[in-house]
Protein chains: 2
Amino acid sequence: MENQGAGQGLHARVLETLGPAITAGEYPPGTILRTDELEERFEVSRTVIREAIRVLESMHLVASRRRVGVTVRPTEEWNVYDPRVIGWRLAGPDRPRQLRSLTVLRSAVEPVAAGLAARHASPAQCAELTEHAMGMVATSRGQQLDAYLVHDMAFHRVVLAASGNEMFARLGDVVAAVLTGRTHHHVMFTDPDPAAVTLHVQVAEAVRVGDADRAEALTREITAGAMAELDVLAP
Amino acid sequence: MENQGAGQGLHARVLETLGPAITAGEYPPGTILRTDELEERFEVSRTVIREAIRVLESMHLVASRRRVGVTVRPTEEWNVYDPRVIGWRLAGPDRPRQLRSLTVLRSAVEPVAAGLAARHASPAQCAELTEHAMGMVATSRGQQLDAYLVHDMAFHRVVLAASGNEMFARLGDVVAAVLTGRTHHHVMFTDPDPAAVTLHVQVAEAVRVGDADRAEALTREITAGAMAELDVLAP
DNA sequence: GCCCGCCTTTAAGTATGACTTTTACGTCAC
DNA sequence: GTGACGTAAAAGTCATACTTAAAGGCGGGC
């Protein structure tokens with residue numbers, strides 16, 4: 001996840017405490033927070049608390065009502081596509097569940113994105129793609145998982161961007177977060193699956209020659225692999 | 001789109017003016033807004049403006065920097081999955097573009113969601129599904145487009161919810177917005193495509209009997225139809 | 001005894017003025 | 001021309017006073 005929201009203001013600091021706490025379930029839905037209580041707890045002024053609350057409200061994590069206070073909303077109402085919410089949940093206790101959701105989303109989106117990329121990708125993007133695929137090949141053996149990850153993330157980011165769909169493009173961070181999670185929680189001694197590496201190379205090639213169906217099918221294989229890994233990764 | 005954000009506070013009213021204006025491109029990226037200027041324009045206190053700005057900032061529509069002001073961010077950085085941003089853009093000048101993006105997203109997500117629904121749907125959800133499919137059949141002829149729309153939206157909402165994936169479930173509003181847009185901008189005299197109606201009935205059936213592949217394939221046909229309509233709808 | 005409406009009280013919302021902090025930009029010396 | 005420095009501008013923070021909505025209790029009417 002990108003560094004979005006690690007801002008410097010006081011309100012940002014309050015947010016970085018309350019957000020994770022709420023998404024972690026430390027304040028179950030229905031919990032009531034009062035502003036003056038928070039004011040005291042964080043030793044900041046009312047202004048700061050209110051601004052933090054306003055942001056949490058815009059994420060649909062809480063609702064603020066007069067004469068009642070700030071109540072935590074039920075999980076189903078959260079804006080689960082907010083990058084900050086995603087980041088917080090990935091860092092919290094329902095990380096496995098979150099990783100599953102995101103991987104399923106990937107498996108739906110990426111193949112279609114790859115198909116579109118085959119139609120729309122610019123020469124420059126095609127070049128980037130092959131470059132990163134090559135990079136993956138080069139780093140796929142001999143405990144270079146971190147270097148491999150960089151290429152893997154970049155590869156998928158380019159595919160999503162090349163799809164020409166802004167909604168897809170904005171999922172680059174999500175995919176990056178999933179891949180990072182995979183690498184850092186997997187058995188760090190195992191080199192990446194050679195079959196997966198080959199698939200990436202083939203996708204790059206399919207996109208380059210404009211074979212949308214093939215790009216889509218190959219990417220579907222990649223995401224199927226990710227889904228299969230999931231049972232080990234997020235039980 | 002749900003009524004999310006039509007709040008009653010003053011800051012909400014400021015937001016409902018600035019948000020649409022920014023997403024409509026009235027303040028091109030790089031534009032600088034100063035708080036005291038806005039204060040004056042909206043005839044409200046600093047507090048109110050600051051809270052509105054904080055929300056816009058959390059949507060990545062603007063960035064606030066000391067000694068500079070509040071600058072409008074480039075489009076690529078916006079949180080395009082924020083329901084309010086989606087709503088604003090659908091109401092603005094790049095509605096066609098937005099409709100395209102969302103329909104492509106639909107075409108990626110819904111088939112996979114239908115496949116999952118076939119595996120996970122509860123008996124109650126299956127019942128709802130057939131009910132709404134029947135409702136679509138019943139209202140598919142004789143200028144009952146509004147009634148048809150209600151069933152159509154409900155149908156897709158149930159499929160997304162039944163997928164068991166919270167990320168998918170949260171796209172219910174998006175799909176509803178797209179369907180609404182379709183109905184209200186289409187030739188209002190044309191009854192829905194009978195083939196599409198049949199497909200919905202068949203999807204309900206496939207989900208009921210747990211045939212994931214069939215549910216997915218049929219839904220892919222539905223979304224392909226939606227994509228085809230797009231050229232007429234959003235040129 | 002029960003229901004409806006008023007009234008109190010509480011907590012969020014708004015307004016304002018004073019003060020702090022960051023930082024872009026212009027100036028001046030080298 | 002370059003670099004250090006100082007100034008000022010605008011956001012950020014704080015404290016306080018006041019306004020508004022509404023939850024929950026109180027009392028009167030039925």
Side-chain angles (χ1 to χ4, degrees), chain A residues 3-19 21-22 27-74 77-78 84, chain B residues 3-19 21-22 27-74 77-78 84:
Chain A
N3 193 22
Q4 155 164 319
Q8 36 274 52
L10 284 188
H11 59 93
R13 226 161 298 159
V14 172
L15 205 59
E16 289 309 306
T17 307
L18 279 181
I22 292 172
Y27 303 99
T31 305
I32 292 180
L33 308 167
R34 264 170 307 124
T35 40
D36 51 344
E37 191 182 83
L38 295 168
E39 217 176 305
E40 196 183 334
R41 229 183 76 197
F42 288 96
E43 298 179 311
V44 293
S45 74
R46 190 113 151 276
T47 321
V48 172
I49 295 295
R50 300 195 87 258
E51 286 175 22
I53 293 296
R54 210 68 329 132
V55 174
L56 291 173
E57 199 179 31
S58 97
M59 296 169 171
H60 268 54
L61 293 184
V62 303
S64 176
R65 271 161 55 217
R66 272 180 158 134
R67 167 65 208 239
V68 175
V70 176
T71 65
V72 177
R73 288 192 172 215
E77 296 179 8
W78 296 352
R84 284 210 280 331
Chain B
N3 194 20
Q4 156 165 320
Q8 35 273 52
L10 283 189
H11 59 93
R13 225 161 299 157
V14 172
L15 207 58
E16 288 309 306
T17 306
L18 280 181
I22 293 172
Y27 304 98
T31 305
I32 292 181
L33 308 168
R34 265 169 306 125
T35 41
D36 50 343
E37 191 181 82
L38 295 170
E39 215 177 304
E40 195 182 334
R41 230 183 74 197
F42 287 96
E43 299 179 309
V44 293
S45 73
R46 273 208 309 298
T47 322
V48 171
I49 295 295
R50 299 195 89 261
E51 287 175 22
I53 293 295
R54 206 88 306 146
V55 174
L56 291 173
E57 199 179 31
S58 96
M59 295 169 172
H60 267 55
L61 293 184
V62 303
S64 177
R65 273 161 53 217
R66 272 179 158 132
R67 167 66 209 238
V68 174
V70 176
T71 64
V72 178
R73 290 191 171 216
E77 297 179 8
W78 296 353
R84 283 210 281 332

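Lettering of chains follows the sequences in order, A, B, ..., and the numbering in each one begins at 1.
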(message) Run A/Leu33 and A/Tyr27 through side-chain contact (heavy atoms from CB on, under 4.5 Å) and show every step you take.
(response) CA-CA 9 Å; A/Leu33 308 167; A/Tyr27 303 99; 3.9 Å; yes
(request) For side-chain contact (heavy atoms from CB on, under 4.5 Å), just list the numbers for A/Arg84 and B/Ser58, CA-CA rounded to whole Å, side-chain angles, deciding distance to a tenth of an Å, and then say yes or no. (result) CA-CA 9 Å; A/Arg84 284 210 280 331; B/Ser58 96; 3.3 Å; yes
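- The structure places CD of A/Glu40 at 11.0 Å from CD1 of A/Ile49, a figure rounded to the nearest 0.5 Å.
- On a pure distance criterion of 3.5 Å, a polar donor-acceptor pair joins the side chain of A/Arg46 and the base of C/dG13.
- Counting heavy atoms from C-beta on, the side chains of A/Val62 and A/Ile22 come closer than 4.5 Å.
- Annotation: proximity of residues 47-56 of chain B to DNA chain D (heavy atom, distance under 4.0 Å) is found for B/Arg50, B/Arg54, numbered in ascending order.
- With rounding to whole Å, B/Leu10 atom CG is found 10 Å from D/dA21 atom P.
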(message) Between B/Leu18 and B/Leu56, does the side-chain contact (heavy atoms from CB on, under 4.5 Å) criterion hold? Intermediate values first, please.
(response) CA-CA 9 Å; B/Leu18 280 181; B/Leu56 291 173; 3.9 Å; yes
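- Taking a 4.0 Å limit (strictly below) on heavy-atom distances, residues 28-40 of chain B reaches DNA chain D at B/Leu33, B/Arg34, B/Thr35.
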Could you go over nucleotides 23-25 of chain C and give all protein N or O partners under 3.5 Å, atom names and distances?
from, atom 1, to, atom 2, distance (Å)
C/dA24, N3, B/Arg67, NH1, 3.2

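- Taking the nucleotide of DNA chain D with the nearest heavy atom to each of A/Glu43 and B/Gly69, the more 5' of the two is matched to B/Gly69.
- Between B/Arg13 and B/Glu16, no side-chain nitrogen of the basic residue sits less than 4.0 Å from a carboxylate oxygen of the acidic one, so the salt-bridge criterion is not met.
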(request) For A/Arg54 and A/Glu57, run salt bridge (charged side-chain N to carboxylate O under 4.0 Å, His left out): C-alpha distance rounded to whole Å, both residues' side-chain angles, the deciding distance at 0.1 Å, then the answer. (result) CA-CA 5 Å; A/Arg54 210 68 329 132; A/Glu57 199 179 31; 3.0 Å; yes
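- Checking the phosphate oxygens (OP1, OP2) of C/dT14, no side-chain nitrogen or oxygen of B/Ser45 falls inside 4.0 Å.
- Counting heavy atoms of neighbouring residues, nucleotides and ligands inside a 6.0 Å radius, atom CZ of A/Arg41 exceeds 12 of them.
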(message) As a quick check of understanding, evaluate side-chain contact (heavy atoms from CB on, under 4.5 Å) for A/Phe42 and A/Thr17, giving each step before the final call.
(response) CA-CA 10 Å; A/Phe42 288 96; A/Thr17 307; 3.8 Å; yes
